[in-house]
Structure formats: C-alpha cells, structure tokens
Amino acid sequence: MKRLIILAAVALASFVLDRLLAAWLFETNVVASLLAPSSSTALSSALLALTFLLNRVFLYVALPGIACFSLTHLAIGRLKTRPSGPPVPQENASP
Amino acid sequence: MARSRVRWFAWVLALLCGWFGLRVAPSHHFQTEAAQWLRDDARQRQLARSVNAGLPRVSADSFTTGAALFDGEWAFGTGVMAALGNAQLALQSPGTRAWTLTATDRALTQATSWEIRAFDRERWGSDPIDEPDPARAHVAYLGYVNLALSLRSALGRSEHDALGEHLTQRLVDAYAASPALLLETYPGEHYPVDNAMAIASVALRGRVDELRGDHPARAAQRRALAKRWTRAARLRYVDPRSGLLLQHAPPTVQDEPSTGLPRGSGSALAAFALNYVDDELSAELQRALRKQLLDPVLGFGVLQEHPSNVPWRDRRSDIDSGPLLFGYSISASGFMVGASRAHGDDGSFVNLMATFDLLGGLERREFPDGVRRSFVSGGPLADAIMLAMLTAPPHHDVGALLERASREAP
C-alpha cells in the first residue's frame, strides 16, 4: 500500500511539473538554447527544456509501465496472502 | 515448490503487465491523438493561428544558435515555412483563404525584407535579390523563398508576383549555365536539398502558368527543366545504396553518383519540396526514408539521420540535423511528417506525430481569436516547420488542387 501511495505522489508531482513547464515554455523560445548552451541564460533555458522532455517521457511512457507492473504485483501478492476456502465457523465453547 | 512457482508466476505476470503499460498504452494514446491531424484541418488552423501570432516578433535576435549565419537562417526559415504552411492551407481549404492569404503575404513580406535576407548577403557579399552577377546563385535564400512565392502565385495575383517571376527566371538562367544542374548554396558549397527547393519553385510556377494559359512555351520549358533535374539527380545526387539524397555533393556532369554522404534531414525536406514536381522522385525518397531510417521506439516513430551504410565516424550532428540522440534526428523526423502526409503513408505519419505530441509538448490554449496550438518545446521555428509539413498536399492531388485554385483565383 505504501508503494502505491508513493507512486501516486510521484505521478502527481510529475504531472504538476509538466503543466508548469508547459505554461512557461508556451511563452518562450527554447529550441535555440538547446543547441547553443554557451551563455548562462541559454544554459538555464536548455536545462529547463531538457527537464520538460525527460519529465514527459517519464510521466507518459515510463510511469504507466511502472504502475501496471506495481499494481499487478500488489494484486497477486494480496491474492496469495488471502486465506483460501470459506471461513470455518468457531464452535461455541460455552455450555 | 508450489509457493515458488506461484512467486514466479506473479513476477512474469507483473512484468507482462508492465511491458503492456510501457509498450502499448502510451503509444496507443498518442497515436489516437495524432490521427486527428488527418481527419480534417481544424488542428492545422489552430497551429496556423499560433504561427501567425508569433511571426511579427521573430528576427535573427530571437535565436541563439551561437552563429550569426544560423540565427539569420532560422529567422528566414520561420517566415518561409509560415508562408508555405498558410498557402498550403489556403490551397486545400478554400474557406480559410480570407485569412490564410493575408498571413501568407505578411510572412512573404517579412521573408523578403532587407533585414531577414542579411544572413545570405553577409555570406555572399552581395544581396540575393539585387544580385547583379547571374552566376552567383544564392540558393540558400532563393530556393526557399521562391517556392513560397510560386505557391502564392497559384492562389491568385498578389504584390509578390513580379518578384516571384524575376527570381524564377534567374534560377532558370542559372541552371541553364550549370551543366551539373547543381547551384551554389553559399560560395563553393553545393547542397542538393537546396536545389530541390529551387527546382520545385521553378516547376510549380511552370504548372501554374500552364493552367492559366500564361506564356505556354515558357511554362513548358520550366517544367522540362524540372524533369531534367530529377533525372540527373537520380543518377548523380542520390546514393544508389540507400536511395537517399546526398547532403553535400560536389557538382558532376557524369551520370554517376557524386561523392558525399546520404542524410535523413536533407532527403526528407527534398521529398516535401519535390511534391510540387510532376515526378516520382519525391515518392522514391519517402519510401527510402521509411525503409532505411524510420525506426519506431516503443511505438513512437523517429528517424535516424544516417543510413547504415554511412561509417560510424562520419555520423555527426550539425545545424541541419539538429542534436542527435542515439542517432535519431528531430529535423529529419519533422520533415518526414510532410513527406509521409504527401504520399499517403498514414502509418508513418501517425507514428511520427505521436512523437512530436509527446516530445514537442503540443499544447492547446484558448485566445480571443480562437484556439491556438503550439509545440512548446520547439519555439516559433518548429511551429512554422510543422505547419508547413502538416499541410503538405497529397502528391496525386496537387494538379487538381492547383487547377481549382487557378479557377477560383480572384
């Protein structure tokens, strides 16, 4: 369960980062900066653009795979630990 | 024993589900989105709004490539691609002409301005439009701007007609004086892709004049020149092993391949431009690109810049390919979108557009003039290039579209 909560928190953080960077990039021009990280401004823009790209690959490609793997593993683990067969009724010990 | 088997089963099932989540779900989602670009032109109109709104702010200072020449080329490229994109939208969607023709004219005014053509002037030492020496071809500038001017002329009379006719005749004369049929991009530099743009511009003007019945002999001569060029290019400037265009090739008059390396970005851009030539070279290049370089990664299409017959030591990135990641080129992939659309290769188109949606960060915003879309990680140049590629007309419909435009032209 703890693993699922961490996964959900990571997904949420990644999504928020994606939206924030997309809003910032909509107003700027960074492709040139990616090609010429010579000045400090260009370098910071290039780093932000790179963060945006890597975060999108993580959020939209890697994370669904990780989530599917984790959920399946967790579900099977739950099934394994569940007692098999119907619960046996306890005999009343009192007279 | 039984518990250990169950544990193995759990791992195998979890890994299979993980693989499904990685390989199938994301690409399926992005491909479904990408297919919308083929359904109608609503998204193209939204992208055009974004390009047209940003264009007045574009100048060489907007870019920081580290070289003034490339900053200038990119500012010019943004204007030319914006003009081509708007004109192609007008060609295929007559309902948009009220605003796409105005946008085309504005983009052409910007692309032909004294400031924007400075990059070429500084490299040649003379202005590309006012060049007194006919031997100096200026194909880096003239090839591209003239394709946009020729396409504009197909949509009716405009203030740019005289310039377009003047530049076309200059290119025709320059080819007549070039036995190798390869003009200089910059002094001493010959790029077949830039010549493909120039030839497409000549052929397109010939087709438009022929449809209008203007100067039939001259129109036939221009179309014949384009045919002669494509025949010569197949023998001299296309790599026989990969079927791709040589990027940088010394001119040759022998009908055998020139030296130089085949590349994805140049071949894909040439396939896009040669769509306007009544010849199958564009289709042949597109097929070669798909066979040699298109490589789906987890269901997302990307193009390699170099085919397998190029030695590893020669596989370098440059301003044309853009940054290469594991040999994959964003420029080549972008130009391939246009080539695939032109030749009805919907599978490649959808795979490639899924990548551009993911990595380009395709965003949609509401503005007072309507919805705008933009590839936010690419800036104005990428938006303009993608507009041109996403509005490339189907190759076999070009003749009919030109005829309709000629009939409806004011």
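Quick note on labels: first sequence line is chain A, next is B, and so on, each numbered from 1.
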- Item | Residue pair B:F30 / A:Y60, side-chain heavy-atom distance below 4.5 Å | yes
- Query: In terms of heavy-atom proximity below 4.5 Å to chain A, should B:L298 be classed as side chain, backbone, both, or neither?
  - Reply: side chain
- Side chains of B:F300 and A:V61: does their closest heavy-atom pair fall under 4.5 Å? yes
- Message: Is A:A23 close to chain B through its backbone or its side chain, or both, or neither, when contacts mean heavy atoms under 4.5 Å?
- Response: both
- Within-4.5 Å side-chain heavy-atom neighbours: A:F69 and B:F20: no
- Just by distance, do the side chain of A:R56 and the backbone of B:L359 share a donor-acceptor pair under 3.5 Å? no
- Query: Can you find a pair of side-chain heavy atoms, one from B:S377 and one from A:F52, that are under 4.5 Å apart?
  - Reply: yes
- Please report the shortest heavy-atom distance between A:A22 and B:V376, naming the atom on each side. O-CG1, 4.1 Å
- Residue part contacting chain A, namely of B:D383, when any heavy atom lies under 4.5 Å: neither
- Heavy-atom pair with the smallest gap, counting every atom of A:C68 and B:G21: SG-CA, 3.7 Å
- Atom CZ of B:R106 with >12 non-hydrogen neighbours under 6.0 angstrom: no
- Message: Can you give me the closest heavy-atom contact between A:T72 and B:C17, atom names plus distance?
- Response: OG1-CB, 3.1 Å
- Query: How about B:L15 and A:H73: do any of their side-chain heavy atoms sit closer than 4.5 Å?
  - Reply: no
- Would one find more than 12 heavy atoms of other residues, nucleotides or ligands at under 6.0 Å from atom CZ of B:F9? no
